[in-house]
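Every chain is numbered from 1, with letters handed out A, B, ... down the list of sequences. Just the heavy atoms: all of them, side chains too, but no hydrogens, waters or symmetry mates, feed the values below.
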Amino acid sequence: MNIRRLVLIAVPYLWLVALFLIPFVIVVKISLSDTALAIPPYVPTFDLSGGWDGVKSYFSQLDFDNFTFLTEDDLYWRAYLSSLKIAVIATVATLLAAYPIAYGMARAAPEWRPTLMMLVILPFWTSFLIRVYSWIGILSQEGYLNQLLLGLGLIDQPLKILNTNLAVYIGIVYTYLPFMILPIYATLEKLDQSLLEAAEDLGCSRLSAFWLVTLPLSRPGIVAGCFLVFIPAIGEFVIPSLLGGSRTLMIGKVLWEEFFSNRDWPVASAVAVVLLLLLIVPIMLFQRNQQKQQEAEL
Amino acid sequence: MLSGVAMDTAAQGRVFAPWNDPDEEPLIQFRSVTKRFGSFTAIDNLTLDIYAREFFALLGPSGCGKTTLMRMLAGFETATEGTILLEGEDIAGVPPNKRAVNMMFQSYALFPHLSVYDNIAFGLKRSSMSKPDIAARVDEMLRLTRLERFARRKPHQISGGQRQRVALARSLAKAPKLLLLDEPLGALDKKLRQDTQFELMDIQERTGTTFVIVTHDQEEAMTVASRVAVMDDGRIVQVATPAEIYETPNSVYVADFIGDVNIIEGNASRQQGETIRIHWAEGQEPIVGTPSAPIAEGTRVHFAIRPEKVTITAQKPAGRANAFAGKVHDIAYLGNISTYHVKLANGQILKAQAANNQRIDRRSFNWEDPVWLSWTDTAGVVLTG
Ligand SMILES: Nc1ncnc2c1ncn2[C@@H]1O[C@H](COP(=O)(O)OP(=O)(O)O)[C@@H](O)[C@H]1O
Ligand SMILES: [Mg+2]
């Protein structure tokens, strides 16, 4: 193997080591430490000045106490389960909202498609935080949504949406919609229209042609979109903190509180490590899906 | 080409010619059908009858409206004007999934997520057929198209020729009254195409289905079809058996489109009995030809004659109605036959074909050899269109 190829391959790996592996090792290290009233707020700290003995005593002080602790307090596993549930429901909701949009985009006249694509991506031009904040203004008791519904006479009491799980779902669907639309659109746009004509020719109604041809052929896009929403949604923290209520339990929020309110860095790190281990399964499934799709296209 | 004509004469031996029988009701009738896309007229006031069990070929250059015609039969386009009847019933309001018509798409349009087996079963599963019957029918189709070994494969795991057979099997599975084939063999190489043509004819005969095939390959149309419709610009120029199209084209367009032909333009003199004389060049004897209908004196006509009807000899032949002297300008050796391009005294070049069945030293004329071209008074056609 020549040097150039080696360098080319090395670049992404160096990137991965610098931006993922090193921070991860640091987090793992903290998760094995103990809390302390100090700066940084944990012991032991890694110190090379103590020589070989220093290193040995450093490692001897690391333990799995924090992980054991996570299993003892049921808050944590309930938070993981609740996150999982919220992420699953939100992913399904995002799929249901995104599919018709992607379908409409793929069916639009070709000259319109770039504009529609632009509109989908446009929200990314403003800060994510500002957009989530603005949902507070929409969903609150005196917010625009309640005003509109009251004004139309559809309700006579303002609905409590903000600070409930429903607001969290709305926030996740809104935020992650483009990640679902784009991969689905990509598969639908490639779909050969003559396949639908062939299905109709063979006796399908429009609707059954959709079920039997369009939907199965857009499956790779659906799967990719679901992972792209599910994986970040499970660790989501901003949306449940801002839109969710005190009873909204999500692991991202627990982690944040552990870290900033309790200043318990080791437990917060243990929570993060477990979250990552849990996410490895869906991430690997996602990778396999992408790989299979690429192979099918060859 | 020649084999195609020979095949058709054999077909006529069995006297399958429902179009000559006034009592026979056509399976499909186009009645003054016009199709416009916006202001563009794709099909222009077209009237056409196609009979049951026919193998009907639509032949014409790209963009002349062949696919549009098929899509109207399948139900994907509706006629702007006129009516289309299937077994005497107007099909305008019938959606594609309710028509006893199946189409084999130009691109095959196989479902990539389904196996060969499931592709073929697709249409059957949409009908009320029972499961064992479906399985039996699919197996029959797999046998017919010799695809048994590939039943479990996906379309991307088989070759182009096999895919084409899957598409054919899928469109035949529901035993449609009418099968539409849109340039089905376009993607195949010449050898495979010829094999498949005969396979198609065989399947058509065994199943008794009416086939309408679109092609822009005149040789293919001549080989497979019971009748050929030659199209130009949304109109049908001539509908006839391959032999008739070849021997008696009704216009210069058809004569020129099908096979190789010499076309000479001239003025008709007064008719004498069956024949007329065509004055075509200063200092050349008029051509003696036999028009199919009386022609007025002075009409501008085209005389069309196939190269194989022109005899090439070294000496002036005796007793031929037409004989012209010239020089060999070019020779195309095609194995069993040779085509000679002969330049006449006035500069006109005519093609003549001769079979290479003589002894090698007597067979060939060489470049610049003086030769005579001759033909009888019925060898060519006199065209006014
Ligand atoms: N949906 C359509 N919209 C506009 N023009 C069309 C459409 N379909 C076909 N045409 C035009 O009609 C003409 C005939 O097309 P087609 O039937 O596909 O020709 P062929 O199959 O003989 O090559 C072409 O000039 C084509 O551009
Ligand atoms: Mg076409």
Side-chain angles (χ1 to χ4, degrees), chain A residues 95 99 102-103 106-112 180 183-227 285-286 288-298, chain B residues 67 70-77 94-115 118-129 134 137-138 141 154-157 163 166-183:
Chain A
L95 174 62
Y99 201 96
Y103 188 81
R107 279 301 180 94
E111 62 267 29
W112 275 101
M180 188 68 93
I184 296 177
Y185 168 73
T187 55
L188 286 177
E189 201 221 30
K190 277 189 303 194
L191 190 84
D192 181 1
Q193 289 304 306
S194 68
L195 293 181
L196 296 177
E197 287 187 345
E200 274 190 73
D201 189 64
L202 293 165
C204 278
S205 64
R206 288 270 163 88
L207 188 68
S208 58
F210 174 82
W211 279 110
L212 293 167
V213 178
T214 310
L215 203 58
L217 287 177
S218 56
R219 207 190 61 113
I222 294 175
V223 175
C226 284
F227 280 121
L285 286 175
F286 174 69
R288 254 195 37 202
N289 175 64
Q290 296 297 93
Q291 215 170 347
K292 252 175 40 192
Q293 196 187 337
Q294 268 174 7
E295 276 163 18
E297 277 165 13
L298 284 181
Chain B
T67 297
M70 298 282 251
R71 290 174 58 82
M72 286 198 284
L73 281 173
F76 299 123
E77 308 281 1
V94 186
N97 54 339
K98 297 279 181 340
R99 295 189 183 191
V101 175
N102 283 131
M103 179 145 161
M104 182 179 156
F105 287 74
Q106 197 164 356
S107 61
Y108 305 154
L110 297 179
F111 303 120
H113 58 301
L114 300 179
S115 66
D118 287 327
N119 262 282
I120 298 173
F122 191 92
L124 300 171
K125 286 181 182 166
R126 310 278 87 73
S127 64
S128 55
M129 208 182 230
I134 291 177
R137 179 71 182 161
V138 175
M141 286 298 121
K154 290 277 175 67
H156 67 93
Q157 294 165 321
R163 256 175 251 166
V166 178
L168 181 64
R170 187 179 70 176
S171 50
L172 274 172
K174 290 186 90 173
K177 287 192 185 120
L178 176 63
L179 183 68
L180 307 171
L181 306 131
D182 193 354
E183 305 207 16

From CG (A:Leu202) to CD1 (B:Ile120), nearest 0.5 Å
11.0 Å

The ring pair (Phe, Tyr, Trp, His ring centres under 6.0 Å) partners of B:Phe111 (sequence neighbours excluded) come to B:Phe122

Portion of A:Leu195 that has a non-hydrogen atom of chain B nearer than 4.5 angstrom:
both

Note each donor-acceptor pair with a separation under 3.5 Å, taking one atom from chain A and one from chain B.
from, atom 1, to, atom 2, distance (Å)
A:Ser194, OG, B:Ser107, OG, 3.4
A:Glu197, OE1, B:Arg71, NH1, 2.8
A:Glu197, OE2, B:Arg71, NH1, 3.3
A:Glu197, OE2, B:Arg71, NH2, 2.8
A:Glu200, O, B:Asn97, N, 3.4
A:Asp201, O, B:Asn102, ND2, 2.9
A:Asp201, OD2, B:Asn102, ND2, 3.3
A:Asp201, OD2, B:Met103, N, 2.7
A:Leu202, O, B:Lys174, NZ, 3.0
A:Cys204, O, B:Asn97, ND2, 3.1
A:Leu212, O, B:His113, NE2, 2.9

Please flag which part of B:Leu110 lies under 4.5 Å from any non-hydrogen atom of chain A: side chain, backbone, both or neither.
backbone

B:Ala167, B:Ala109, B:Pro176: which one forms the most heavy-atom pairs within less than 4.5 Å of chain A?
B:Ala109

Under 4.5 Å from any heavy atom of chain B - which part of A:Leu212:
both

Among B:Gly75, B:Pro112, B:Pro95, which has the most heavy-atom pairs under 4.5 Å with chain A?
B:Pro112

Counting only non-hydrogen atoms closer than 4.5 Å, does A:Ala199 touch chain B with its backbone (N, CA, C, O), its side chain (CB onward), both, or neither?
both

